[in-house]
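Values reported hereafter were calculated over all heavy atoms of this structure, with side chains retained and with hydrogens, waters and symmetry mates removed.
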Amino acid sequence: MKKKMDDLTKAKLIYSGELLVFAIAATVLGILFIVHVISVADWKKWAFTCVTLLGGCWCVTDFIWTLVSPKKRAKNSLLDKILLLPNGVALIGLDIFALISLIQDPSRTDLDQFFQIEIGVALLYIAVVYVIEGIYHYFKPHPSILEAVKEDEENEEANEESEESTSQE
């Protein structure tokens, strides 16, 4: 007779599995950028630079916000914020360099190799972070998963109580 899996275990498996799938996708894309299978067009240079500059700033802001706000800290995993911080800070510095270089001469071809490596390494770093988070959150579930499972259990108990009161009438 098979033992039925509880909701928390299912949620942990789904969440960890999603993170590992994202890690595989990021690894494949990172490698494809590094080996020049995916090339960086001129518009991608500008788009990547602007998006990752904003993303890096948001990463630092979100980390500080999580540290300062007890309410936000209770709903988030500090490990997730800490692991992404080095990538965010590095991208801010590299993006400032790239913006200055692109503004001086948008047609520079010597930046192609720089962008191939920058994008590839950033994706590979994110892949490593997702693997770590996937394993970590299986053993120590994310606070939002615990909260969702708790709400689900409370709803089930309330439904059972209402069914019992209805059947007694």
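- Looking at T52 and D95, their side chains do bring a donor and an acceptor atom within 3.5 Å of each other.
- Under a 3.5 Å cut-off, the side chain of T27 and the backbone N or O of A23 do form a donor-acceptor pair.
- Linking Ile, Leu, Val, Met, Phe, Trp and Tyr residues whenever their side-chain heavy atoms come within less than 4.5 Å leaves L85 and W58 in two separate clusters.
- I100 CD1 to D105 CG: the interatomic distance, rounded to the nearest 0.5 Å, is 14.5 Å.
- Of all non-hydrogen atoms in P143 and A74, the two that sit nearest each other are CB-O, 3.4 Å.
- The number of heavy atoms from other shown groups lying within 6.0 Å of CZ (F22) does not exceed 12.
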Full working for side chain to side chain contact (heavy atoms under 4.5 Å, CB included) between S144 and K75: CA-CA 6 Å; S144 61; K75 293 184 178 185; over 6 Å; no
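- Hydrophobic clustering (ILVMFWY, side-chain heavy atoms < 4.5 Å, transitive): V37 and L123 are in one cluster.
- V128 and V28 are assigned to two separate hydrophobic clusters, defined by single-linkage of ILVMFWY side chains at heavy-atom distances under 4.5 Å.
- Using a 4.5 Å cut-off on side-chain heavy atoms (C-beta onward), Y125 and P86 make contact.
- The hydrophobic clustering, which links ILVMFWY residues whose side-chain heavy atoms are closer than 4.5 Å, places V35 and F48 together.
- With a 6.0 Å cutoff to the six-membered ring centre and a 45° limit on the axis angle, K81 does not count as a cation-pi contact of F63.
- No side-chain heavy atom of L91 sits under 4.5 Å from any side-chain heavy atom of L53.
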Step-by-step side chain to side chain contact (heavy atoms under 4.5 Å, CB included) determination, S16 to I135: CA-CA 7 Å; S16 295; I135 294 168; over 6 Å; no
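- Between V129 and L19 there is no side-chain heavy-atom pair separated by less than 4.5 Å.
- Note: L83 CG to I126 CD1 = 12.0 Å, rounded to the nearest 0.5 Å.
- Using a 4.5 Å heavy-atom threshold, the side chains of Q116 and I34 count as separate.
- Heavy atoms only, all atoms of each residue included: K72 and T66 are closest at CE-OG1, 3.4 Å.
- Looking at heavy atoms from C-beta onward, L84 lies out of side-chain contact with D80 at the 4.5 angstrom threshold.
- By the neighbour-count criterion of 12 heavy atoms within 6.0 Å, atom NZ of K10 is densely surrounded, having more than that number from other residues, nucleotides or ligands.
- Y130 has its side chain out of reach of V21: every pair of non-hydrogen atoms, C-beta onward, lies at least 4.5 Å apart.
- Using a 4.5 Å heavy-atom cutoff, the side chains of K12 and H142 are not in contact.
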Stepwise side chain to side chain contact (heavy atoms under 4.5 Å, CB included) check, K44 with F115: CA-CA 9 Å; K44 288 181 187 175; F115 277 102; over 6 Å; no
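- No continuous path of hydrophobic side-chain contacts links V149 to I14 [ILVMFWY only; heavy atoms under 4.5 Å].
- Between F97 and F114, the ring centre distance stays below 6.0 Å.
- Under a 3.5 Å cut-off, the side chain of D152 and the backbone N or O of A148 do not form any donor-acceptor pair.
- To the nearest 0.5 Å, atom CG of residue L32 and atom CD1 of residue I119 are 12.0 Å apart.
- In this structure, CD1 on I132 lies 11.0 Å from NE2 on H137, to the nearest 0.5 angstrom.
- Here the NZ-OG distance, from K45 to S101, works out to 10.5 Å after rounding to the nearest 0.5 Å.
- Across all non-hydrogen atoms, the minimal contact from A11 to I145 is CB-CG2, 3.6 Å.
- Residues P141 and L8 meet the side-chain proximity criterion, which asks for heavy atoms closer than 4.5 Å.
- Atom CG of D112 is separated from atom OG of S39 by 8.5 Å, given to the nearest 0.5 angstrom.
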Intermediate values then yes/no, side chain to side chain contact (heavy atoms under 4.5 Å, CB included), L79 and Y136: CA-CA 9 Å; L79 178 73; Y136 176 77; 3.4 Å; yes
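- Atom CH2 of W65 is surrounded by 12 or fewer heavy atoms from other residues, nucleotides or ligands within 6.0 Å.
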